[in-house]
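Structure first, then comments.
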2 protein chains.
Amino acid sequence: MRKAERLFQLVTLLRGRRLAITAKQLSETLEVSERTIYRDIQALMLSGVPIEGEAGIGYRLDRHFELPPLMFTSEELLALILGSKMVKTWGDSVAARGAVSALDKITAILPERLKQQDQSELLLVPEFLQNKNLAQLASDLRAAVESCLTINIEYQDEQKRFSSRNIEPLGLVYWGGKWTLIAFCLLRQDYREFRIDRIVSLTCLDIQFEKLETKSLKHYLSQFACHS
Amino acid sequence: MRKAERLFQLVTLLRGRRLAITAKQLSETLEVSERTIYRDIQALMLSGVPIEGEAGIGYRLDRHFELPPLMFTSEELLALILGSKMVKTWGDSVAARGAVSALDKITAILPERLKQQDQSELLLVPEFLQNKNLAQLASDLRAAVESCLTINIEYQDEQKRFSSRNIEPLGLVYWGGKWTLIAFCLLRQDYREFRIDRIVSLTCLDIQFEKLETKSLKHYLSQFACHS
DNA sequence: TCACTACTGACAGTTAATGTCAGTAGTGTT
DNA sequence: AACACTACTGACATTAACTGTCAGTAGTGA
């Protein structure tokens, strides 16, 4: 079992690093010969662990193996299932995609008892409320937020009044059933909140804006929280 | 590595069973001696696997180890985080509790890159919208649904009209921001849908009702889906 | 008491793992 | 081209770990 323990430790050592690590360093840490490290690395690779080794550089774990496994309780899994269903229906299309595949993984390992509890569907998030176009719009907005790109939107408000604006998108908020975009409006030189389902069109302008402490989603919401 | 592989297979064999399994059966399946099985079981227990052995009965895996670890991609983890935040704010209190602890586990293993993406909070589910009383009411309703218990509710509808009814609760539906209780109303002898936030009080009656194909959440929703 | 099981120690034989040594090969710098 | 640094492989003597058989202990239920 000593070797099996060492293999586990090897993966842990590789997983915690950004830079490559040499066989010599590993052998010193684990107190074995370099030859043993070479054998261990080969064993791990044969069993599917994606290790990359470069002569003159050292070893690195493929980025996708960076994430360790997670252990959840029954209660946690049922909560994750419910949350995934909410994201699937109400989230932007990127998040919805992640939720669907996570949901597949979770249901694949559910024991019969929990599977029956989930499939009894006594707690339901209806799929038919899903709006694919809105989810895609939310994804595009999210990408603009993340990239700090100024955008132009055409917007139809509650009174059906039409407007076109250049805005700096700061973030998205889920109010339960409705997402809004918080942005800094270049026309009004102030924050504005837009319901995503009322955005008629969206155009990215390829103009990058600057992030500021006093011009952010957090700053906007701190004002809102004081009111309620 | 043969032994390490066998240890893995042992856990898998134990995990897939409800009834206890003897060392003799395991030795025949894995084609080793019983003495080796005793050694293997001891090695697994020393490394933390919760196996229970009873003389005259056999071995069983502690129930909490029934669930294997899960491996998620970055995209899936971010979706699970978003979903957990939704459940935390909008779910019933049991689900919210599960979501909070799942969220702790996920954030504990998040690499720096993803942690920063999550903490930038460009995609927000506000916690201040959480309603603890409503979440507790939802949990009580969920328990009644699961136990098929008839309940009495006092309800105030859209027009502020007050009513008191005995109902058989069939399930809960999340419409995005609002949950409704689907129930069979004993007064009207028909389905009725109640917004949870309009339920003034709830009393369990300790009268068990019968589940039927034609008196269920699914049946009710199949009618609704045809209308839209 | 008997039948069934889990459990432990001891020991000879078997198998796996280890470190040392020698050699191959790739990359970057001088 | 030579050198320094690294990854890599095969061979072999030595060491460590593992295995099955055997004998014995102990718990549970009929």
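By convention in this document, chain letters (A, B, ...) are assigned in the order of the sequence lines, proteins followed by strands, and residues within each chain are numbered from 1. Computed from heavy atoms alone, side chains included, the values below leave out hydrogens, waters and symmetry copies.
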Closest nucleotide of DNA chain D for A:Arg39 versus for A:Gly53: which of these residues is on the 5' side?
-> A:Gly53
Give a yes or no answer on whether the side chain of [X] reaches the backbone of [Y] with a donor-acceptor pair at less than 3.5 Å.
X        : Y       : result
B:Gln25  : B:Thr22 : yes
A:Lys105 : B:Met71 : yes
B:Ser47  : B:Leu44 : yes

Taking [atom1] from [X] and [atom2] from [N], how many angstroms apart are they, rounded to a whole number?
X       : N      : atom1 : atom2 : answer
B:Gln25 : C:dC4  : CD    : P     : 13 Å
A:Leu46 : C:dA17 : CG    : P     : 12 Å
B:Leu19 : C:dT5  : CG    : P     : 15 Å
A:Ile41 : D:dC8  : CD1   : C1'   : 12 Å
B:Asp40 : D:dG20 : CG    : P     : 9 Å
A:Ile57 : D:dA7  : CD1   : C1'   : 11 Å
A:Ile37 : C:dT20 : CD1   : C1'   : 16 Å
A:Tyr59 : C:dG26 : OH    : C1'   : 13 Å

NA contact type, B:Glu54, heavy-atom cut-off 4.0 Å: base, sugar-phosphate, or nothing?
-> sugar-phosphate
When we call it a touch if two heavy atoms are under 4.0 Å apart, what does B:Glu34 touch: a base, just sugar-phosphate, or nothing?
-> nothing
Looking just at side-chain N and O atoms, do [X] and [Y] make a donor-acceptor pair shorter than 3.5 Å?
X        : Y        : value
A:Ser101 : B:Glu76  : yes
B:Asn152 : B:Thr203 : no
A:Thr150 : A:Glu168 : no
B:Gln136 : B:Ser93  : yes

Would you say a side-chain N or O of [X] is under 4.0 Å from OP1 or OP2 of [N]?
X       : N      : result
A:Gln42 : D:dT9  : yes
A:Ser33 : C:dT18 : no
A:Tyr38 : D:dA7  : yes

For the side chain of [X], starting at C-beta, report the closest nucleotide among [options].
X       : options               : value
A:Thr22 : D:dG20, D:dA7, D:dC18 : D:dA7
B:Arg6  : C:dT20, D:dA7, D:dT19 : D:dT19
A:Arg35 : D:dT19, C:dG9, C:dG19 : C:dG19

5' priority, DNA chain C, between A:Ala55 and B:Ile21 [closest heavy atom] =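 Comparing both residues, the 5'-ward one is B:Ile21.
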Any idea which heavy atoms bring A:Asp104 and A:Thr107 closest together, and the distance?
->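 It is O-OG1, 3.2 Å.
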Using nucleotides 1-3 of chain D, report all nitrogen or oxygen pairs with the protein that are shorter than 3.5 Å.
none

